[in-house]
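Here is the structure we will look at.
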Number of protein chains: 2
Amino acid sequence: MKKTQSNVVTSLRQMILDGELKAGARLAEIPTSEKLGVSRTPVRIAFRALEQEGLLTKLPRRGYEVRSVSTEEIIGAVEVRGVLEGLAARQAAERGLSEDHQKALAVLLEEGDRILAVKELSESDLEHYQQMNKRFHDIVIEAAHNPAIHAALSRNEHLPFASASALAFDKAHMLREAKRFEFAHMQHHHVYHAIVNGLGTRAEGIMREHANATLGYINSPRNADQLTVISERDTQNT
Amino acid sequence: MKKTQSNVVTSLRQMILDGELKAGARLAEIPTSEKLGVSRTPVRIAFRALEQEGLLTKLPRRGYEVRSVSTEEIIGAVEVRGVLEGLAARQAAERGLSEDHQKALAVLLEEGDRILAVKELSESDLEHYQQMNKRFHDIVIEAAHNPAIHAALSRNEHLPFASASALAFDKAHMLREAKRFEFAHMQHHHVYHAIVNGLGTRAEGIMREHANATLGYINSPRNADQLTVISERDTQNT
DNA sequence: GAGCATAATATTGGATCCAATAAAAACTTG
DNA sequence: CAAGTTTTTATTGGATCCAATATTATGCTC
């Protein structure tokens with residue numbers, strides 16, 4: 001298959017996210033182009049794009065290197081994502097959901113219910129849930145009808161999954177902490193409820209708390225029990 | 001002077017922001033490279049960078065065009081900036097200001113006081129204030145020690161000043177609305193106070209309100225009188 | 001053997017070619 | 001003269017060259 005420009009950037013990105021290119025590894029245009037079987041031109045462009053995404057840093061006259069992302073940076077990225085998705089949820093609530101978006105969110109919620117109905121989650125269940133989770137968030141962002149949110153998140157997209165975070169997001173570990181998922185999923189229900197009822201401030205608040213839950217997970221993955229629960233009754237107060 | 005890569009992107013950006021290249025204008029690599037006296041390579045890179053910044057859109061097989069930015073988009077960008085700077089203010093408060101940052105902010109506040117002491121603001125006063133304003137915000141963002149905020153704002157940097165916004169930010173108009181500046185400057189004082197006293201939530205709230213004030217300005221520039229004022233006494237309650 | 005000078009190498013930035021392809025223009029035919 | 005077809009042109013993506021320059025290695029001197 002012929003490698004094309006965007007192919008080069010996606011395959012390089014994948015290599016970084018998969019850990020095939022470890023943090024600190026040095027990359028130069030010519031060796032990389034030979035390795036991928038393309039010329040320097042697309043590699044050049046790819047390096048700049050990945051630098052933009054925060055995955056590479058330029059070492060002047062010495063090529064690029066795969067950035068090592070510290071836990072602090074990941075936390076920072078998650079916090080940023082939190083406020084932005086909070087804004088998205090608020091705006092989605094204030095502007096009103098389209099029929100399609102509401103339907104899509106409802107379907108995803110049900111999908112999550114089904115996954116979590118089983119008490120012992122398998123790894124594939126986990127992956128399934130993650131996909132559903134991502135789609136849920138994407139739809140909320142989309143429903144805000146604010147392209148600037150998208151733009152602001154673009155540099156944030158892959159960072160939390162880069163090398164250093166392998167630990168924080170370790171799959172086996174998350175499996176043991178499945179309780180978190182139930183809590184997160186409940187928050188999804190509440191966000192949905194707030195949005196469809198036009199409760200912008202509430203939607204924003206829950207969404208931010210939702211991001212915060214992830215942070216709590218990164219920081220102290222052992223305290224899943226102490227999570228407080230937003231009572232369903234509260235959501236009825238309009 | 002020899003044009004270099006970053007020169008090409010900055011000069012193209014300037015041309016767009018100055019209105020020399022109007023919204024909707026089509027750009028192709030070869031004509032642009034000839035006009036700037038460089039080869040296609042740096043232009044190619046510049047186009048991609050400016051596309052990333054949201055200033056150009058790619059028309060497949062027909063080159064690029066200067067994006068026309070709608071008022072809605074600018075509002076969206078300002079809202080995004082608001083929540084991000086709100087987060088920055090909160091984190092700056094929570095993490096504590098360094099000696100240097102505190103000093104810098106204090107100096108800027110005083111500078112603003114001096115500018116606004118004069119009742120009839122000249123256009124150069126206005127420009128001076130704007131510079132001070134930008135530095136104030138930059139320092140707050142810096143003080144948050146969260147690189148993800150920077151990254152998220154990068155695509156947001158120039159958008160609000162692109163073509164369509166010429167109207168919204170019209171200088172003569174702003175001059176007439178100088179009252180807004182006093183209000184904004186007072187908010188700066190409150191943000192400063194909240195940050196140095198470690199009042200994260202308050203700092204965030206005021207910063208978001210501050211962004212909102214800009215929005216109010218874009219939407220209805222005539223209502224400068226109805227602004228409510230945060231009482232100075234409130235900021236003493238710790 | 002250490003330190004400095006010099007040479008070799010690696011690496012990027014810019015320029016130019018070539019090929020593929022889509023858009024636009026010209027042309028032909030009914 | 002309109003509509004479809006062919007030709008021309010514009011435009012980008014990729015490959016390769018050349019030049020400038022910083023880093024690394026080598027070697028020379030003391």
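Within every chain, numbering begins at 1; the chains are lettered A, B, ... in the order of the sequence lines, protein sequences first and strands thereafter. Values below: all heavy atoms of this structure, side chains included; hydrogens, waters and symmetry mates excluded.
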Can you name the salt bridge (charged side-chain N to carboxylate O under 4.0 Å, His left out) partners of B/Glu65, sequence neighbours left out? none
Pairs satisfying ring-ring contact (aromatic ring centres under 6.0 Å, His included), at least one member in residues 69-100 of chain A, at least two apart: none
Measuring to OP1 and OP2 of D/dG14, would you say a side-chain N or O of A/Thr41 lies under 4.0 angstrom away? no
A/Arg44 has its side chain closest, among D/dA15, D/dG13, C/dG14, to C/dG14
Whether B/Ser39 contacts C/dA15 is assessed here as follows: a side-chain N or O lying under 4.0 Å from the phosphate OP1 or OP2. Is that the case? yes
Rounded to whole Å, how long is the line connecting atom CZ of B/Arg48 with atom P of C/dG13? 15 Å
Looking at B/Arg40, I'd like to know whether one of its side-chain N or O atoms comes within less than 4.0 Å of OP1 or OP2 on D/dA15. no
Can you list the residues that meet the ring-ring contact (aromatic ring centres under 6.0 Å, His included) rule with A/Tyr192, with sequence neighbours excluded? none
Between the protein and nucleotides 9-11 of chain C, which nitrogen or oxygen pairs are less than 3.5 angstrom apart?
unit_1, atom_1, unit_2, atom_2, d
C/dT11, OP1, A/Arg26, NH2, 3.2
C/dT11, O2, A/Arg61, NH1, 2.8

Hey, are A/Arg95 and A/Glu142 close enough for a salt bridge, meaning a charged N less than 4.0 Å from a carboxylate O? no
Calculate the interatomic distance between A/Leu59 atom CG and D/dT24 atom C1'; express it in whole Å. 15 Å
In whole angstroms, the gap separating P of C/dG13 from CZ of A/Phe47 amounts to 11 Å
Just jot down the ring-ring contact (aromatic ring centres under 6.0 Å, His included) partners of A/His210, sequence neighbours excluded, or say none. A/His137, A/His188
Which pairs, with at least one residue in residues 26-39 of chain B and sequence neighbours excluded, count as a salt bridge (Lys or Arg N to Asp or Glu O under 4.0 Å)? B/Glu29-B/Arg40
